[in-house]
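As a basis for the values below, the full set of heavy atoms in this structure was taken, side chains included, without hydrogen atoms, waters or symmetry mates. Computed from a predicted structure; not experimentally measured.
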Amino acid sequence: MAVVTFDPTEFRTLYPRWADDTKYPDSMLTAAFDMAADLLGAGDSSPFPYDPVAGVYTRKLILDKATCHILTLDTDMGDQPGRLTSASEGSVSTSFDLLKTNSFTGDWWAQTACGRAVWMMILPFVRGGRLYTTGGWHPWG
């Protein structure tokens, strides 16, 4: 396995919305990637596979989408608490909504399109196994 390293130029190619290097300098993109790497892991201790020699890029795809999510939250949404569901002009009124995932973490990821993609990509890796709490012996296992 290998460690995922961030390449701002490649990221800008994959996500053209962040192509303006004056508005979105490399340091901003790198900081967002570093946060994504802290949350999800970029090294071999990460539960997501990454082996570029064998053509396995799951961890890199997840980290790129997570970087996009973090950048979107930091730059576009400001203090907006979720998706805009309605707006009015007279007497100014707005309503916001979050997609519900039955998880605080899932709700945080659900705020952006990139975040929803991350949530779907990591689900197979975060599901727990079976927990058997009986201490007794059972003849079938």
Side-chain angles (χ1 to χ4, degrees), residues 1-89 91-141:
M1 294 256 222
V3 175
V4 176
T5 56
F6 185 65
D7 179 0
T9 305
E10 179 185 13
F11 182 80
R12 290 178 202 283
T13 302
L14 293 171
Y15 299 92
R17 113 182 245 187
W18 310 108
D20 184 351
D21 60 354
T22 303
K23 190 174 180 182
Y24 308 110
D26 288 355
S27 59
M28 176 188 254
L29 302 182
T30 302
F33 176 83
D34 290 344
M35 182 178 177
D38 285 345
L39 288 170
L40 300 165
D44 287 337
S45 62
S46 171
F48 315 114
Y50 178 67
D51 187 358
V53 175
V56 179
Y57 298 99
T58 306
R59 187 183 320 150
K60 182 177 182 339
L61 295 171
I62 290 171
L63 288 172
D64 284 345
K65 287 286 185 189
T67 301
C68 173
H69 171 72
I70 291 165
L71 286 168
T72 302
L73 290 178
D74 287 349
T75 61
D76 294 347
M77 297 185 74
D79 292 329
Q80 180 176 318
R83 298 176 304 142
L84 181 65
T85 57
S86 68
S88 302
E89 193 171 319
S91 296
V92 184
S93 174
T94 57
S95 295
F96 298 95
D97 182 30
L98 270 177
L99 295 173
K100 300 298 178 204
T101 64
N102 296 327
S103 157
F104 175 78
T105 305
D107 290 349
W108 183 76
W109 287 113
Q111 294 181 76
T112 69
C114 288
R116 288 187 293 275
V118 170
W119 186 247
M120 295 307 294
M121 291 174 78
I122 67 174
L123 280 178
F125 299 97
V126 297
R127 301 274 180 186
R130 293 184 178 141
L131 175 64
Y132 297 102
T133 58
T134 62
W137 177 83
H138 191 276
W140 296 291

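- For the pair Asp74 and Met28, the minimum side-chain heavy-atom distance is 4.5 Å or more.
- The side-chain heavy atoms of Tyr24 and Leu71, taken from C-beta on, include no pair separated by under 4.5 Å.
- What you find for Ile70 and Ala32 is that their closest heavy atoms are CD1-O, 3.7 Å.
- Each of Asp34, Leu29, Asp26 was compared with Phe6 under the side chain to side chain contact (heavy atoms under 4.5 Å, CB included) criterion, and only Leu29 meets it.
- Taking every heavy atom of both residues into account, Ala36 and Thr67 meet most closely at CB-OG1, 3.9 Å.
- None of Leu61, Val56, Ile62, Leu63 except one satisfies the side chain to side chain contact (heavy atoms under 4.5 Å, CB included) rule with Arg59; the exception is Leu63.
- Between His69 and the options Phe33, Tyr15, Trp18, Trp109, a ring pair (Phe, Tyr, Trp, His ring centres under 6.0 Å) holds for only Trp109.
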#### Entry: Lys60 vs Glu10, side-chain contact (heavy atoms from CB on, under 4.5 Å): CA-CA, chis, key distance, verdict
CA-CA 12 Å; Lys60 182 177 182 339; Glu10 179 185 13; 3.5 Å; yes

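- Closest non-hydrogen pair, Thr58 versus Met121, comes out as O-CE, 4.3 Å.
- When every heavy atom of Val118 is checked against every heavy atom of Ala66, the shortest pair comes out as CG2-N, 3.4 Å.
- The side chain to side chain contact (heavy atoms under 4.5 Å, CB included) test with Val4 is passed by exactly one of Phe48, Tyr50, Tyr57: Tyr50.
- Of all heavy-atom pairs between Leu40 and Ser46, the closest is O-OG, 3.3 Å.
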